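First up is the structure itself, then whatever we jot down about it.
Quick note: residue numbers are just sequence positions, from 1. Everything numeric in this text was worked out from a predicted model, so none of it was measured.
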Amino acid sequence: MARRSRGRLALVGAALAAVTAGLLPAAAAAGPDGRGGEHRPSDRGLSAVIRYTEYGVPHILADGYADLGFGTGWAQAADQVCVLADGFVTVNGERSRHFGAAGAPDGSLSSATSNLSSDLYFRGVEEAGTVEELLRTPAPAGPSRELKELMRGWAAGYNAWLRKNRITDPACAGASWVRPVTALDVARRGFAVSVLGGQGRAVDGIAAARPPAAPAARTREGDVDPERTAEAARALFAPSNATMGSNAVAFSGATTANGRGLLLGNPHYPWQGGRRFWQSQQTIPGELNVSGASLLGTTVVNIGFNDKVAWSHTVATGVPMNLHQLTLVPGDPTAYLVDGKPERMTARTVTVADRDGTPVTRTQWWTRYGPVTSGLGASLPLPWTATTAYALNDPNAANLRGSDTALGFARARSTRDVAETLRRTQGLPWVNTIAADSSGHSYFSQSQVLPRITDELAERCSTPLGRVVYPASGVAVLDGSRTECALGSDRDAVQPGIFGPSRMPVLRDAPYAVNSNDSAWLTNAERPLTGYERVFGTLATPRSLRTRGGIEDVAGMAARGRLTVADLQRQQFANRVPAADLAAADVVAACPAALPAEPEACRVLAAWDRTMDSDSRGALLFDRFWRRFTAAVPAARQWKVPFSAADPVRTPRGLDTGAAGFATALADAVAELRTAGIALDAPLRDHQFVVRGGERIPVSGGTESLGVWNKTEAVWNPSGGGYTEVAHGTSHVQAVGWDGGRCPVARTLLTYSQSSNPASPHHADQTALYAGERWVTSRFCEKDILRSPALKVVRVRD
């Protein structure tokens with residue numbers, strides 16, 4: 001170990017010598033803001049070297065994990081201090097105090113609709129010592145020593161940046177809520193990310209759950225309508241309604257020009273707030289060297305590549321929580337029966353302060369299964385009555401292992417190592433993994449931390465409500481009054497009550513492995529995955545248009561073969577509209593009869609190139625029509641040829657232009673654009689854009705309902721000129737391959753750019769690249785970093 005440490009020190013020293021002697025004098029090293037970057041308050045503290053290349057991408061060089069965390073925390077703060085500080089206010093349960101109880105968080109760390117409910121939940125987590133207990137849990141069930149060191153270093157680096165720099169971002173300059181943090185705060189933020197799909201969905205319900213005021217308020221179970229609840233649960237967990245999604249495809253060497261693997265990752269995440277990605281390269285010489293993107297506030301590269309392996313994630317269909325329906329003790333709504341014996345709920349009294357200092361106190365109720373909740377959002381109420389209550393089980397509330405999974409990927413040398421990391425850490429709460437390696441292997445796995453809900457258990461233990469809800473949505477509602485309905489354990493699982501690795505859907509070495517947020521079934525259309533439980537997702541059901549279009553695209557690419565990174569880049573910006581390929585000809589044929597007074601609209605639709613390119617004319621008209629049509633006409637009535645599991649990529653098809661609502665949707669779309677003063681044939685770039693620094697930057701791509709790979713969910717503001725901002729969509733894109741040399745062949749793009757600070761030179765530079773469908777050539781190898789014409793170096797110390 002001593003020799004290994006000395007070797008790392010020597011490598012770091014050599015890199016430092018190259019930087020300081022060959023490029024910049026140490027005293028003149030500069031940070032990304034151009035100011036002097038060297039700080040020497042103590043030689044005994046943590047330290048790192050950060051080399052910035054084009055577009056503000058930091059390459060962080062350190063001697064150990066704590067130092068690497070230090071450099072990462074420093075560099076994230078330099079770009080995103082206000083967004084980060086806002087998130088720490090959230091996980092410390094202090095939003096009401098600083099922003100008022102009635103205000104709302106940005107939605108990045110939970111579904112809370114008010115600062116008060118957010119505070120009550122996160123303060124409850126804090127007072128229960130939940131995260132502290134997880135940190136004390138030995139690995140592999142708990143976080144590794146390396147991860148703890150990264151968190152310690154990240155907090156120190158963030159704090160050091162705060163001490164030594166003036167905040168220029170107007171979002172928080174001079175704000176009292178921007179404060180130093182601890183490693184525990186960093187872990188709490190990681191916990192919030194882990195439970196986003198479980199407790200995080202139910203924050204309002206957990207905070208608001210109250211026992212009925214009087215025994216007279218008896219309500220029958222039947223008062224919860226199973227059919228309505230099932231539909232609400234289906235909609236809640238439907239990928240098409242999510243604010244996060246992704247595409248990713250891995251190609252095996254059988255399809256590529258040089259026999260090596262290729263990977264294209266295209267996550268769809270929010271463009272604002274705390275769920276943004278941030279780019280970096282992390283290097284501990286001789287130990288770790290990885291480049292990619294991190295969710296803000298995390299210490300590791302979440303999606304990325306090294307010299308041998310590339311990976312990405314897509315939001316999975318597995319439901320990472322379930323409900324237990326409690327039979328309450330007559331006359332005591334805070335006690336429930338288990339095998340006929342009463343068991344008391346645990347009361348957690350939580351107090352938070354409002355902005356004026358007024359204390360607000362609420363009691364949360366916990367059971368052996370988890371917290372009692374009054375619902376999963378406003379659309380899915382679960383009333384607590386004199387006879388019944390609902391407790392939420394979230395296995396990810398015992399999971400701080402997600403960053404250890406990312407660390408394992410960063411050190412992987414093959415897709416086999418990726419699989420071994422998933423087996424060992426079992427840390428991913430709500431995503432699939434798609435990977436490729438330099439030896440030509442492809443890999444897909446839906447390795448999620450999911451409650452161990454087998455179809456047999458659901459059949460045996462579902463309540464009457466659960467018998468309807470589970471098949472429709474994957475949300476199990478189990479009978480909490482019977483111990484025989486406990487989830488049980490798999491022998492290869494690292495924690496009780498979850499599926500072990502041997503139960504996960506996996507596809508190895510297929511010519512292509514693709515996912516666009518549908519279930520694992522059609523990861524490869526020629527090799528469908530089957531045999532998994534309903535909680536993982538559906539089988540033999542209709543796929544989204546984005547999934548269908550993606551399969552058509554990548555299957556065609558694989559069949560053509562001889563693929564290169566350039567082919568991945570072309571796929572990303574093809575902007576093909578699968579909905580148009582299925583329906584545009586039918587719309588054009590029916591248009592004259594539907595719009596006899598609007599021949600121009602029919603001509604525009606006929607001439608449209610069926611893409612969502614920025615220069616495309618007619619795209620906006622079809623887009624506005626299609627949104628109206630799909631909202632007004634039920635899916636089962638939109639097509640003449642219904643879905644067939646034997647032909648899932650090509651069905652359903654044949655637009656039913658005779659459906660009630662078709663002509664109205666077309667007429668209303670034309671009227672909408674004319675009222676807004678938008679020409680029917682206006683190029684998309686004029687009316688789908690973002691404004692940065694007073695400048696309009698056009699944005700290509702299209703919505704989920706259109707099925708466009710390059711997804712753009714834009715905010716419609718006709719009085720402002722059309723789509724004037726992007727809510728969520730394409731975020732950090734990476735196209736990665738290998739050519740036999742030491743350096744990966746990688747092109748990346750961070751669509752919303754590296755910094756949220758409008759004063760930063762890296763606030764919109766990559767957004768402009770995105771508008772021009774241009775990419776960043778990754779500088780992974782040392783020689784390429786040091787040759788960057790934009791190179792700026794900062795040496796940071798604690």
Side-chain angles (χ1 to χ4, degrees), residues 31-35 55-56 58 72-110 112-115 118-119 122 154-155 157-181 185-186 189 192-193 243 269-279 294-298 355 690-695 697 715 717 720 724-728 731-732 750-768:
D33 56 4
R35 295 194 296 268
Y55 306 102
T72 302
W74 178 291
Q76 281 196 25
D79 286 322
Q80 297 284 351
V81 63
C82 294
V83 176
L84 290 165
D86 183 272
F88 288 119
V89 172
T90 297
V91 298
N92 285 319
E94 296 183 335
R95 298 196 63 84
S96 299
R97 173 186 169 191
H98 294 290
F99 310 126
D106 68 7
S108 61
L109 295 174
S110 83
T113 57
S114 74
N115 289 334
S118 174
D119 288 344
F122 284 108
W154 195 102
Y158 177 87
N159 294 341
W161 189 92
L162 286 180
R163 288 196 307 271
K164 299 169 184 181
N165 290 274
R166 180 176 60 88
I167 296 174
T168 61
D169 188 340
C172 68
S176 62
W177 46 270
V178 182
R179 295 181 176 179
V181 301
D185 293 324
V186 179
R189 191 176 189 127
V193 171
T243 58
Y269 275 56
W271 274 40
Q272 294 84 28
R275 224 179 288 175
R276 284 169 54 130
F277 283 113
W278 175 85
Q279 289 178 285
S294 309
L295 286 176
L296 286 176
T298 59
R355 179 179 273 169
V690 297
V691 178
R692 300 291 184 267
E695 178 185 353
I697 302 176
V715 179
N717 177 18
T724 59
E725 186 52 83
V726 176
H728 54 98
S731 55
H732 178 266
L750 188 63
T751 57
Y752 37 66
S753 303
Q754 187 81 327
S755 177
S756 60
N757 181 358
S760 168
H762 307 301
H763 178 63
D765 51 354
Q766 290 199 61
T767 311

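- Nearest heavy atom pair, residue W154 against residue V186, reads CE3-CG2, 3.6 Å.
- For the atom pair T767 OG1 and Y55 OH, the distance stands at 11.5 Å (nearest 0.5 Å).
- In this structure a side-chain-to-backbone donor-acceptor pair under 3.5 Å is missing from S114 to A102.
- Relative ring orientation between F277 and Y269 is described as tilted, the plane-to-plane angle lying within the 30° to 60° band.
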T72 vs Y158, test: side-chain contact (heavy atoms from CB on, under 4.5 Å). Steps then yes/no. CA-CA 8 Å; T72 302; Y158 177 87; over 6 Å; no
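- Under the 3.5 Å distance criterion, the side-chain polar atoms of Q80 are matched with a main-chain donor or acceptor of Q754.
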Which is it for R189 and L84 under the side-chain contact (heavy atoms from CB on, under 4.5 Å) test, yes or no, and what are the steps along the way? CA-CA 10 Å; R189 191 176 189 127; L84 290 165; 4.1 Å; yes
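- Between W74 and P58 the shortest side-chain heavy-atom distance does not fall below 4.5 Å.
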Show your working on side chain to side chain donor-acceptor pair (under 3.5 Å) between D79 and S760 and close with a plain yes or no. CA-CA 8 Å; D79 286 322; S760 168; 4.9 Å; no
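- Scanning all heavy atoms of the two residues, the minimum distance from V690 to W271 falls at CG1-CZ3, 4.1 Å.
- Residues meeting the ring pair (Phe, Tyr, Trp, His ring centres under 6.0 Å) test with W278, sequence neighbours left out: none.
- Under a 3.5 Å cut-off, the side chain of Q76 and the backbone N or O of T298 do form a donor-acceptor pair.
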Test log, rule side-chain contact (heavy atoms from CB on, under 4.5 Å), inputs V81 and C172: CA-CA 8 Å; V81 63; C172 68; 4.3 Å; yes
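- For the pair P758 and P170, the minimum side-chain heavy-atom distance is below 4.5 Å.
- A donor-acceptor pair is defined here as one N or O able to donate and one able to accept, closer than 3.5 Å; no such pair exists between the side chain of N92 and the backbone of D185.
- Under the side-chain hydrogen bond (donor to acceptor under 3.5 Å, both in side chains) criterion, S96 pairs with D119, sequence neighbours left out.
- Nearest heavy atoms, A764 versus R692: CB-CB, 3.6 Å.
- Minimum heavy-atom separation, C82 to W177: O-CZ3, 3.9 Å.
- Residue R97 holds its CZ atom at 12.0 Å from CZ of R355, rounded to the nearest 0.5 Å.
- Across all non-hydrogen atoms, the minimal contact from P105 to T113 is CD-C, 4.5 Å.
- Using modelled atom types, one side-chain atom of N159 and one backbone atom of A155 make a donor-acceptor pair closer than 3.5 Å.
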Going through the checks in order, is the side chain to side chain donor-acceptor pair (under 3.5 Å) test met by N757 and S755? CA-CA 5 Å; N757 181 358; S755 177; 5.1 Å; no
Given side-chain contact (heavy atoms from CB on, under 4.5 Å), test Y752 with V726 step by step and report yes or no. CA-CA 9 Å; Y752 37 66; V726 176; over 6 Å; no
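- Considering OG of S753 and CD1 of I697, their distance stands at 7.0 Å, rounded to 0.5 Å.
- Taken to the nearest 0.5 Å, the OG1 atom of T724 stands 4.5 Å off from the CG atom of N717.
- The closest donor-acceptor contact from the side chain of E725 to the backbone of V715 lies at 3.5 Å or more, if one exists at all.
- R179 CZ to E94 CD: the interatomic distance, rounded to the nearest 0.5 Å, is 6.0 Å.
- The shortest non-hydrogen separation linking N115 to G100 is ND2-O, 2.8 Å.
- Judged by distance alone, the side chain of D169 and the main-chain N or O of A759 form no donor-acceptor pair under 3.5 Å.
- Side-chain contact check for R276 versus S731: every heavy-atom pair is 4.5 Å or farther apart.
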